[in-house]
Amino acid sequence: MFNKPKGTRDFLPMEMKKRRIIEKKLRKVFETYNFKEILTPTFESFQLLSKKTGEDIRKQLFVFKDHGNREMGLRPEVTSSVVRFYLNELKNLPKPLKLYYFANCFRYENPQAGRYREFWQMGCELIGSEYPIADAEIINLSMDGLNAIDMDYEINIGHLGVLKGIFKRFDLSEDRELKIRRLIDKEDYGGLEDYLCDIESPEELKEAIFNLLNFKGDRDIINELKEILKDYPLSLQALENLEEILDFVKYENIIVNFGIARGLDYYTGMVFEIYGKKEGARQVCGGGRYDNLIELFGGKPTPAVGFAYGFDRIMLNIDDFEIKEESILIVPAKKDKNLLKRSLRIADELRKGGKVVEVDLMNRKLNKALNYANTIGISKVIIIGERELEEGRVSLKDMKTGEQKSVKLEELESFV
RNA sequence: GCCGGGGUGGGGUAGUGGCUAUCCUGGGGGACUGUGGAUCCCCUGACCCGGGUUCGAUUCCCGGUCCCGGCCCCA
C-alpha cells in the first residue's frame with residue numbers, strides 16, 4: 001500500500017467541481033481585463049529559483065538532479081519563471097504585457113491549515129508600466145476577483161519606498177535593511193527595538209521607523225505621515241506615489257499599512273496583502289511592485305507589478321455551496337442485449353443535446369438500478385422496456401418526485 | 001526546524017492486557033422473469049509502522065511515520 005506524500009492532497013470529484021467553478025470565475029475576471037494566460041514549466045534550474053529568494057525559501061525548495069547532473073527545483077512560486085519567460089521570448093511584445101497563470105507550486109514545509117507542500121497559485125503580472133495606474137489596476141483586479149466569488153476579505157496596502165527613504169538617509173547596509181524588513185513583516189517590534197539598539201542606530205532612525213509602524217488605517221493617514229516624514233524626501237515621494245495609486249483604486253474599503261514588508265525580497269514599491277475571514281491560513285493574496293527583478297535576471301530595467309492568490313486558501317475562505325447537477329440514467333427493464341443497444345443509441349442522442357447521461361454498465365436489474373440512481377443522485381431515469389418500445393415509447397421517472405410517465409422517443413429530449 | 005492533539009474495514013464509529021473486535025454506512029452477488037428507490041440473505045473489508053514491558057499488546061511505555069492544528073515562514 002502506498003500513501004500520498006506528506007503535504008499533498010487527492011481531490012474528490014465534488015471538490016474538483018467546486019475548485020473548477022471558482023477557478024472559472026477568477027479566470028473570467030482576469031480575462032475581462034485582457035490578461036492572457038501563460039504556463040511555465042513545473043521545474044526550473046536551481047539557480048533561477050534561488051536567485052532572488054531568501055535563505056528561508058531556498059531551504060523550502062524541492063530539489064533534484066536530473067540525469068545530466070543538472071540541479072533542478074520545483075517552482076515555489078511563479079513570478080521568477082514568468083520573468084525568465086519574459087526575457088527569453090516576450091520582451092519585445094507591446095507594453096503593457098498582461099499575463100496570468102494558474103499553476104501548482106511546491107514548498108517543503110510542515111503542513112498546516114491552508115498550507116501544503118503542493119499548492120496552487122493563480123496570479124497576474126503586469127510588465128512594462130511604471131505608472132500608478134498600473135499598480136491600481138493590479139489592486140483593482142485582485143479585489144474584483146474576490147468580489148466575483150463573494151469572498152469576505154480585508155486588503156492592506158503599503159509602500160516599501162517609505163521605509164527605503166528612511167534607510168537611505170542613514171545609509172544602512174543592505175543586510176541591515178533586510179533584517180529590519182523581516183522584523184517588521186513579522187510584527188516583532190520588540191525584536192526590532194533590540195536590533196536597532198544592537199546596531200547602535202541613531203535615535204532619529206528608531207523614531208522614524210516606529211512612527212511609520214504606528215500608522216495603519218484609511219488613506220488619510222498618508223497626509224499625517226507626510227508631515228512627520230517631511231525630512232525624508234524619498235519617503236515623501238513614495239507617499240505621493242501611493243496616493244496617486246489610491247486615486248485610481250476604485251474601492252474605498254482599503255487599509256493603509258506600512259507594516260507590510262513582504263517576505264519575498266524582490267518587491268520595490270507598492271505592496272499589498274489580502275486576508276480572508278477564516279481562522280488560520282488567512283492570507284489569501286500577496287502582491288506588489290518589483291521594478292528591479294527583471295534587471296536582476298539579466299534584462300534591461302523594466303517596471304513590473306503583480307499579485308498571486310493562494311488558490312487553496314481562497315477555497316478555505318469561501319462559504320461552501322451546493323452544486324446541482326442534472327443527470328440521467330438509462331436502464332433496460334430487463335436484461336437483454338438489444339435493449340442495451342437501444343439504450344446506447346438513446347444515450348448518444350441525449351448527449352449530443354448536451355445532457356449528462358449514463359447507461360447501466362453493471363447489468364443491474366431494474367430495482368437495483370433505481371437504487372443506484374438514488375444513491376448517486378441521478379435526477380432522472382429512463383427505463384427502456386420491450387413492450388413500450390414497440391409503441392416508440394419509454395418510461396421517464398423523476399427521481400425527486402417519484403413521478404413516472406410514458407413519453408414518445410422523439411419527444412424525450414424535451415422532457416429531460 | 002520546533003511544539004501540542006490524534007491514528008480501529010472505503011467513510012463514520014464502539015470496545016478491550018486474553019474469547020470469532022461492535023454497530024451504521026458503502027461496495028459486490030442473490031431472493032425477485034418490467035419498477036418493492038422497500039425488505040431479507042450471502043460475500044467483501046480494520047486495530048499506522050518498529051522496538052520494549054508482559055505468559056499474552058489493538059490496548060501500557062519509547063521511537064518513527066502520517067493526519068489535524070500552532071510557531072517560524074509564507075499563498
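In what follows, chains are A, B, ... by sequence order, proteins preceding strands, each numbered from 1.
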Hey, could you give me each pair passing side-chain hydrogen bond (donor to acceptor under 3.5 Å, both in side chains) that has a residue in residues 302-315 of chain A? Not counting sequence neighbours.
Arg9(A)-Asp312(A), Arg19(A)-Asp312(A)

More than 12 heavy atoms from other groups under 6.0 Å of CZ on Phe210(A)
yes

With B for base contact, S for sugar-phosphate-only contact and - for none (protein heavy atoms under 4.0 Å), nucleotides 27-34 of chain B reads -S-BSBSB

Are there more than 12 heavy atoms of other residues, nucleotides or ligands under 6.0 Å from atom CD1 of Ile133(A)?
no

Counting only Watson-Crick or G-U wobble pairs whose two distances fall under 3.5 Å, which nucleotide matches rA21(B)?
none

Touch check for Tyr309(A), heavy atoms < 4.0 angstrom, all strands: base, sugar-phosphate only, or nothing?
nothing

Contact residues, residues 138-149 of chain A to RNA chain B [heavy atom, < 4.0 Å]:
none

Restricting to side-chain hydrogen bond (donor to acceptor under 3.5 Å, both in side chains), what partner residues turn up for Lys397(A), sequence neighbours left out?
Gln404(A)

Under the criteria of a ring-centre distance below 5.5 Å and an interplanar angle below 30°, is Phe119(A) stacked with the base of rA75(B)?
yes

Heavy-atom count check: over 12 atoms from other residues, nucleotides or ligands less than 6.0 Å from Phe102(A) CZ?
yes

For atom NZ of Lys28(A), decide whether the heavy atoms of other residues, nucleotides or ligands shown that lie under 6.0 angstrom number more than 12.
no

Taking only nitrogen or oxygen atoms into account, show me every contact under 3.5 Å that the protein makes with nucleotides 47-50 of chain B, one pair per line with its distance.
none

Is it true that the side chains of Tyr33(A) and Asp144(A) contain a donor and an acceptor less than 3.5 Å apart?
yes

Using whole Å, report how far CE of Met14(A) lies from C1' of rG11(B).
15 Å

Taking only side-chain nitrogens and oxygens of Gln112(A), does any of them come within less than 4.0 Å of OP1 or OP2 of rG69(B)?
no

Report all interatomic pairs (protein N or O, nucleotide N or O of nucleotides 2-9 of chain B) with separations under 3.5 Å.
residue	atom	partner	partner atom	Å
rC2(B)	N4	Asn110(A)	ND2	2.6

Basic-acidic side-chain contact under 4.0 Å: Lys335(A), Asp360(A):
no

Does a donor on one side chain and an acceptor on the other come within less than 3.5 Å for Ser327(A) and Glu358(A)?
no

Hey, does Gly377(A) reach any base, or is it just sugar-phosphate, or nothing, if we go heavy atoms under 4.0 Å?
nothing

Rounding to the closest angstrom, what is the interatomic distance between rG26(B) and rG10(B) at atom C1'?
7 Å

